[in-house]
Asker: 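Sharing a structure here in C-alpha cells format.
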Amino acid sequence: MQDRLTERYDPAAIEPAVQEHWERAGVFRVTEDPAREKFYCLCMFPYPSGRLHMGHVRNYTIGDVIARYQRMQGRNVMQPMGWDAFGLPAENAAIENNVPPAEWTRSNIDYMRGQLKRLGFAYDWDRELATCDPDYYRWEQWFFRRLYDKGLVYRATAVVNWDPVDQTVLANEQVIDGCGWRSGAPVERREIPQWFLRITAYADELLDELDRMDEWPEAVKTMQRNWIGRSEGLSIRFDLSDGSGQLEVFTTRPDTLLGATYMAVAPEHPLAIAAAAADPQLAAFLETCRHQSTSEAVIEKMDKLGMALPVTVRHPLTGDALPVWVANFVLMSYGTGAVMSVPGHDQRDWEFARKYGLPIRQVVAPADGSTIDLEAGAWPEYGVTVNSGRFDGLDFPAAFDAIAAELERDGRAERRVQYRLRDWLVSRQRYWGCPIPVLYDDAGNVVTEDDTRLPVRLPEEIAWEGVASPLRNMPEFTRATLPDGRTGRRETDTFDTFFESSWYFSRFCSANCDTGMVDERADYWMPVDIYIGGIEHAVLHLLYARFFHKAMRDAGLVKSDEPFTRLLTQGMVCKETYYRDVSGGRRQYFNPADVEVETDAKGRVTAARLTRDGQPVTIGAVEKMSKSKNNGVDPQALIDRYGADTVRLYTMFAAPPDQSLEWSDSAVEGAFRFLKSLWRLTSEHVAAGLPGSREGAALGDDLKALRRHIHETIAKVSDDISRRYKFNTAIAAVMELVNHLARTPAEDAVARGVRHEGLETVVLLLSPIVPHAAQVLWAALGHDGEVMDAAWPVVDEAALARDAIELVVQVNGRKRAVIAVPADADQAACEAAALAEANVKRFTAGTTVRKIIVVPGKLVNVVVAG
RNA sequence: GCCGGGAUGGCGGAACUGGUAGACGCGCCAGACUCAAAAUCUGGUAUCCGAAAGGAUGUGGGGGUUCGAUUCCCCCUCCCGGUACCA
C-alpha cells in the first residue's frame, strides 16, 4: 500500500491496486465465529441479464455501505453474492440469437461478476452460487419431495395464456392487447394440469407474524396483509330452482343477503358451460370470454359484460327466484367461481345491475338516520338493516350473527374464514428452469423421483427450434425408467423461478455443502440481518420466501421463524425518455447518451436533439430505466470515466435509498469533484509532515467550533447510516465538514492537529462509501492496515459543549428575528431577550401580548392581538 | 378497478418528535487566474417589491385542527410500484 499521496486523484490507478490487495489478502472471506456477533447483510441477487444496470449498482452499493459499516463496528459480517440464473430472458435470447440459454447465462454471469468486482463490493466470493447449477437445484428437487410427502404439494388444473400460432404458453408480460407478442395472434385461455404449493396452509402464520416484524417497512407489511386478505364470512348454498343442485357462494356481508337480486358465475362455471350447449348466443359469449386475459389488472379494467342463464336459484330466506348470470369478471380460480350480487351495497354489482336492468334493493341504512341515494351508486358502508323483515334494525355484527345462525340451523350455510391468497402455482411450461422431479407411469399416475436419482438434470446441450420449450421433443429427457423399474415419462414442466429465490439466502450459509440442502452453519448466520432490494418485490418474492423458510423450518432444516429480520426496500432508478413518433402510432426511443439537451439562461431544459442528425426529439416522461424505453445509463461507461468510488458516492448522495432516483450525469461530476478536493486537501496536509500530539494545547474559538463540528458530524453520520439509512444526508454532513476544514487555516501545530483529526474522521466516515480512496488516504494519514478494520470514530461529548445558542423569534408564528442567548438561559431570560429585539418591537408595538411560547433551544413565539 | 407509495427552487434533494422551508450537491450568473480554453478558486442564486434594512408570497389543488402545518385530519388531481407466468 502506498503511503505518500500523488498530487492528483487518479482512481484508475488506485482502485485496481486496492482491489488486487483485497483479493490477495482474502479480506472478505468469513467463517463462523461464535465469539463474535454475526451480521448477515444480503442484497437481492441479480438476474444475469447481460450487464449491470443502475438499479444493481444502487442496490449493491447500499448493501456494501451497510456491510462495511457493520464490520467497522466489530461484527463478523457475511455478504455473499449469487445469480438468479433461470428465467425467461435467456429463452428469448436463444430464440433471437440462436445461442443456448445455458451458454448465454453463464457468459453473462462472467461479465457481470467482473463488473461487481470492479465496483469493489465486499463479497465473500467463495460462497457464490448460480441457481441453474445442478448442485443448487438438486436440493430444491429434494425438498419438493419432502413437501409432497407432507401434503403441501398437489396437482390441479389452472388457466394459462395459450398462443394458438406458436403453440406455446405465454407469460402475462408476453400478451400485448390480448395478442401474442411474437405471433400477434389472439391469445386463448386454456386449462391445463399444474403443480401447486399449499402456501394457504401457512396463511395465518404469514399474517400473524407480520405484527412482530418491527424492522420491516409498514408499507410492505400492509401490502402483504392485504394480499393474504383474511376475511370472515359465510359460505351459503342456494338451491337451483329446478332441483338439479346447489350454487355455493362466499360472502363477507351476510347482512346484505336480503338485498341479493341475482347471482353471477364465471364463464368456466359448469352451469354456464351446460347452458351454452343449447344456446349458440351464450356459447358465442363464452367464446369471447375464452380470449380474455388471465391478468387481474386487465380483467378489472375491462368492460363488465354478462348474459342471463336459463336457470334461477331460490333465495334461502325469502324463497324468491333469483336469476343467474354469467359474468366476465367472475374468476373461476377465486372461491367457488360464483358470487351473490347485492347491487344496493356493492359498486361493481350496482354497475352491472344498471347496465342489464336488474333490480337494486336497499337493505342497509346509515346508523345516523341519514338517507342514501341508490340512484347515484351503491352504498357499501356498514349500517343498520332495513327491508329485511324479521332481521330489520340490526347492526352489522348482529345481522351477521342472526342470518348466519338461521342458515346454519337449516344446513344451508356455515361460517368460514377465506383468504384472498391463492396457492402457489409452481409449474412453468418452459425450458430454462429447474425440472420438476416427478414422473408419470404409463397409466398417467404420478410417481415422485427418488432422492438417490437426484438431481434431475436439465439438458443444456439443446437445439432451439421455434419458440416452444425443446424439452417436450427430447425423448432422451422425457422417456424414463421409474424408480421401481417400470417405464414412464418425465414431467417437462419446470419450477417458477421464485422457487430458486425462496431459499438461496439459507444456501449461502453453507454454499459448499454436498450432503444436504443446508447444514448447521445456517444456524449461525440465519436469519439475514438486513435484506435489501427493490420495492417491486414487496409481495410475491418476499411472501414466497417467508413461506418457504417456514416450510424448511418445519422440515427441521432451519431454526428461525422468519428469514429476514430487517428489510430495506430501495426505489427505482429513473431517467428522462426521448423519442420520435414513427409510423403506426409507435414511438422510437433514443438513449440519453445519443441526445443533446439545450437549456435556457436559467438552466431549464428547452429542447433536445439527436446528436447523430441534429434534428429534434420529443422529451418524454421520467421513467424507470428500461430496455423498452431505451433510457438506461450504462454504469460501465461512468466507472471507466470516474472510477467506482465516484459512482458509489453519487448513487448514495443523489437520493435516500427508499426513494426513486432520477439519474443526472452532471451531478456525477459533482461527486468526482468532491473526491478530488478531499484528495487535494489531504495531500497538502500530509505533504507538510504529520503533526505531533495536540495534547494539552488550548484551542481558540474557531478551532473549538471546528472540533465541535467534527464530533457533531460523527454523531450525525453514525445515526444516518445505522438507524435512518439516509446516506445522502450523511454525505452532505461530511461535505459540510470538509468545507469547514478547508476554510479554517492550519498554519500552527495546534491547528494542524485539529485538521488531522478532521481528515481522519472524514476518511473513516466515508470509507464504507468510497472504500478505495479511503484506504489510500488512511495510509497517507499515517495508519497501517485496512481502513475497513479501523474502529468507527467515537463522539467526544466534551467537544460538543456550546456556550451560546441561537433562538428564532416569531410574532404570531412569523419569523421576525434570530437572537443569541446563553446555552443555560431560562424561559424568562429568553422571553425578555426576544421582546427586546428591535424588529420584534416593531411588530408588537401597539398590541397586547396574549402569551409567549418558548420551545427550549429552538424558538420563542410571541402571540399578540389588537 | 383494487392494494401500496409519491408530489418541496431551473434540477436531485434537506427539514428525523408539529417549531427558522430550501442544508448539501448540480445547473446557471458574475468575478479571479489564463494569450485563450479547460481545470481550479471566490461571490450570488425560491418568487415578487426594495439600493439596503426589511416586507409580501410560497412545499401538487381545495378545506380543517393549532400560537405555529412540508409534517396531523378530510376531499380531489396527477405520477410511480404491485396485481399471482418479467424478475
Side-chain angles (χ1 to χ4, degrees), chain A residues 44 46-47 49 84 87-89 158 160-161 169-175 217-220 222-223 225-227 229 294-302 304 329 333 347-348 421-422 424-425 427-430 496-498 501 534-541 543-544 569 571-572 574 599-605 621-624 650 653-656 658-671 673-674 676-677 680 719-720 723-724 726 728-729 731-736 739 806-810 812-815 818 839 842 850-853 855 858-859 861-864:
Chain A
M44 292 181 186
Y47 177 79
S49 54
D84 188 14
L88 209 46
V160 294
N161 301 306
V169 175
L170 298 179
N172 284 335
E173 183 186 66
Q174 298 173 311
V175 180
E218 273 315 315
V220 174
T222 304
M223 281 188 268
R225 280 188 193 104
N226 293 337
W227 185 266
T294 58
S295 127
E296 188 200 322
V298 175
I299 291 169
E300 289 290 333
K301 272 182 275 204
M302 70 191 178
K304 311 291 186 287
F329 56 84
S333 53
Q347 188 59 24
R348 192 170 66 180
L421 178 68
R422 305 200 294 262
W424 179 9
L425 198 172
S427 298
R428 296 292 180 271
Q429 294 70 49
R430 307 201 184 288
D496 175 6
T497 58
F498 279 129
S501 56
I535 183 68
E536 66 271 20
H537 296 292
V539 177
L540 288 179
H541 161 59
L543 195 63
Y544 290 141
T569 50
M572 295 161 308
C574 302
T599 55
D600 65 11
K602 281 205 156 179
R604 215 181 329 229
V605 173
V622 175
E623 297 186 62
K624 174 181 171 176
Y650 168 71
F653 181 57
D658 53 343
Q659 275 181 38
S660 63
L661 182 159
E662 192 189 328
W663 191 263
S664 155
D665 281 345
S666 55
V668 178
E669 186 77 43
R673 211 142 50 199
F674 170 72
K676 276 196 289 189
S677 63
R680 195 180 328 111
D719 187 51
D720 278 353
R723 179 181 65 87
R724 300 179 66 213
K726 300 280 186 196
N728 55 329
T729 51
I731 293 165
V734 175
M735 285 175 168
E736 285 182 80
N739 291 343
E806 284 193 340
L807 285 185
V808 167
V809 184
Q810 298 180 327
N812 283 351
R814 288 168 170 273
K815 179 182 165 189
V818 179
N839 204 42
R842 260 180 72 196
R850 298 276 181 214
K851 60 174 159 178
I852 302 178
I853 290 150
V855 182
K858 291 221 164 115
L859 64 67
N861 187 13
V862 183
V863 183
V864 299

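Sequence lines set the chain letters: A, B, ... in the order given, protein chains first and strands last, and positions in each chain run from 1.
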Asker: Which letter, B, S or -, goes with each nucleotide of nucleotides 50-57 of chain B from 5' to 3', with contact meaning a protein heavy atom under 4.0 Å?
Answerer: ----SSSS
Asker: Is B/G13 in the syn or the anti form, by the rule that syn lies within 90° of 0?
Answerer: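 Base orientation: anti.
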Asker: When rounded to the nearest Å, what value does the distance between C1' atoms of B/A30 and B/C78 take?
Answerer: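 That atom pair is separated by 39 Å.
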Asker: Which heavy-atom pair separates A/Leu807 from A/Lys858 by the least distance, and what is that distance?
Answerer: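 So the minimum-distance heavy-atom pair works out to CD2-N, 3.4 Å.
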Asker: Looking at CG of A/Leu170 and CG of A/Leu88, how far apart are the two atoms once the value is rounded to the nearest 0.5 Å?
Answerer: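 CG of A/Leu88 is found 9.5 Å from CG of A/Leu170.
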Asker: Any N or O donor-acceptor pair under 3.5 Å from the base of B/C3 to the side chain of A/Asn226?
Answerer: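 It does not, because no donor-acceptor pair links the side chain of A/Asn226 to the base of B/C3 below 3.5 Å.
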Asker: Determine: side-chain N/O of A/Asn861 to OP1/OP2 of B/U20, distance under 4.0 Å, yes or no.
Answerer: no
Asker: Taking only nitrogen or oxygen atoms into account, show me every contact under 3.5 Å that the protein makes with nucleotides 38-42 of chain B, one pair per line with its distance.
Answerer:
none

Asker: Quick one: look up who B/G22 pairs with, Watson-Crick or G-U, both distances under 3.5 Å, and put none if it's unpaired.
Answerer: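 Matched B/G22 with nothing under the 3.5 Å cut-off.
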Asker: For B/A7, give its Watson-Crick or G-U wobble partner with both distances under 3.5 Å, or none.
Answerer: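 Partner of B/A7: B/U77.
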Asker: Dump the intermediate steps for side-chain contact (heavy atoms from CB on, under 4.5 Å) on A/Arg428 and A/Leu425, then the final yes or no.
Answerer: CA-CA 8 Å; A/Arg428 296 292 180 271; A/Leu425 198 172; 3.7 Å; yes
Asker: Fit a plane to each ring of A/His541 and A/Phe498, take the angle between them on a 0 to 90° scale, and name the class: parallel (under 30°), tilted (30 to 60°) or perpendicular (over 60°).
Answerer: parallel
Asker: Can you tell me how far P in B/A52 sits from the matching atom in B/C48, rounded to whole Å?
Answerer: 13 Å
Asker: Answer yes or no: is there a side-chain heavy-atom contact under 4.5 Å between A/Ile535 and A/Val220?
Answerer: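 Yes; the side chains approach each other to less than 4.5 Å.
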Asker: Whole-Å distance between B/G6 P and A/Gln659 CD?
Answerer: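 Result: 9 Å.
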Asker: Looking only at side chains, do A/Ser501 and A/Asp84 share a donor and an acceptor under 3.5 Å apart?
Answerer: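 On atom types as modelled, these side chains do not qualify, holding no pair under 3.5 Å.
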Asker: Quote, to the nearest angstrom, the P distance that separates B/C16 from B/A69.
Answerer: 16 Å
Asker: Under the criterion side-chain contact (heavy atoms from CB on, under 4.5 Å), which of A/Asp496, A/Leu540, A/Leu543 is the partner of A/Trp424?
Answerer: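 Option passing the side-chain contact (heavy atoms from CB on, under 4.5 Å) with A/Trp424: A/Asp496.
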Asker: For A/Lys301 and A/Ile299, indicate whether the former's side chain and the latter's backbone hold a donor-acceptor pair under 3.5 Å.
Answerer: no
Asker: Counting neighbours of CD on A/Glu300 that are heavy atoms of other residues, nucleotides or ligands and sit closer than 6.0 Å, is the number greater than 12?
Answerer: yes
Asker: If you measure from the C1' atom in B/A37 to the same atom in B/C33, how many Å do you get, rounded?
Answerer: 12 Å
Asker: Does B/A39 have a Watson-Crick or wobble partner in any strand here, with both distances under 3.5 angstrom, and which is it?
Answerer: none
Asker: Produce a footprint string for nucleotides 81-87 of chain B: one letter per nucleotide, 5' end first; B if the base is under 4.0 Å from any protein heavy atom, S if only the sugar-phosphate is, - if neither.
Answerer: BSBBBBB
Asker: Using the P atom in both, what is the distance from B/A38 to B/U70, to the nearest Å?
Answerer: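 B/A38 and B/U70 have their P atoms separated by 42 Å.
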Asker: Does any nucleotide pair with B/C16 by Watson-Crick or G-U wobble geometry, both distances under 3.5 Å, and what is it?
Answerer: none
Asker: In the structure shown, which nucleotide is the Watson-Crick or G-U wobble counterpart of B/A69, with both distances under 3.5 Å?
Answerer: none
Asker: Expressed in whole Å, how much space separates the C1' atoms belonging to B/A15 and B/U71?
Answerer: 10 Å
Asker: Starting at CZ of A/Arg225 and ending at P of B/G5, how long is that distance when rounded to a whole Å?
Answerer: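 The distance from CZ of A/Arg225 to P of B/G5 comes to 12 Å, rounded to the nearest Å.
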Asker: Does the structure show a Watson-Crick or G-U wobble partner for B/G27, both distances under 3.5 Å? Name it, or say none.
Answerer: B/U45
Asker: I want to check something: taking the side chain as every heavy atom from C-beta on, are A/Val864 and A/Asn812 in contact at a cut-off of under 4.5 Å?
Answerer: yes
Asker: Taking only the side-chain nitrogens and oxygens of A/Gln810, find out if one of them lies under 4.0 Å from OP1 or OP2 of B/U66.
Answerer: no
Asker: Taking atom C1' of B/G12 as reference, at what distance in whole Å does atom OH of A/Tyr650 sit?
Answerer: 6 Å
Asker: Side-chain donor-acceptor pair under 3.5 Å between A/Asp658 and A/Thr569, yes or no?
Answerer: no
Asker: Roughly how many Å is it from CD in A/Glu300 to C1' in B/C2, rounded to a whole number?
Answerer: 7 Å
Asker: Tell which nucleotide pairs with B/G1, taking only Watson-Crick or G-U wobble pairs whose two distances are both under 3.5 angstrom.
Answerer: B/U83
Asker: A/Lys858 has an atom NZ; how far is it from atom P of B/A15, in whole Å?
Answerer: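 Taking NZ of A/Lys858 and P of B/A15, I get 13 Å after rounding.
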Asker: When rounded to the nearest Å, what value does the distance between P atoms of B/G9 and B/G5 take?
Answerer: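 Each nucleotide's P atom is 23 Å from the other's.
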Asker: A/Asn861 side chain to A/Gly813 main-chain N or O, any donor-acceptor pair under 3.5 Å?
Answerer: yes
Asker: To the nearest Å, give me how far apart CE (A/Met735) and C1' (B/G12) are.
Answerer: 12 Å
Asker: Return the value, rounded to whole Å, for the distance between atom CG of A/Asp658 and atom P of B/G13.
Answerer: 11 Å
Asker: Does any part of the side chain of A/Leu859, heavy atoms only, come nearer than 4.5 Å to the side chain of A/Gln810, both counted from C-beta?
Answerer: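 Yes, side chains in contact.
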Asker: Tell me which of A/Thr222 and A/Asp720 sits closer to the 5' end of RNA chain B, going by the nucleotide each one is nearest to.
Answerer: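 Looking at RNA chain B, the more 5' nearest nucleotide goes with A/Thr222.
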Asker: Using atom C1' of each nucleotide, how far apart are B/U65 and B/C80 to the nearest Å?
Answerer: 31 Å
Asker: Have a look at A/Val863 and say if it touches a base, only the backbone sugar-phosphate, or nothing, with a 4.0 Å heavy-atom cut-off.
Answerer: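 Sugar-phosphate, no base atom in range.
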Asker: From A/Phe653 CZ over to A/Thr729 OG1, what is the distance, rounded to the nearest 0.5 angstrom?
Answerer: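 Separation between the atoms: 10.0 Å.
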Asker: What's the CZ-C1' distance between A/Phe653 and B/G13, to the nearest Å?
Answerer: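 Value for this atom pair: 8 Å.
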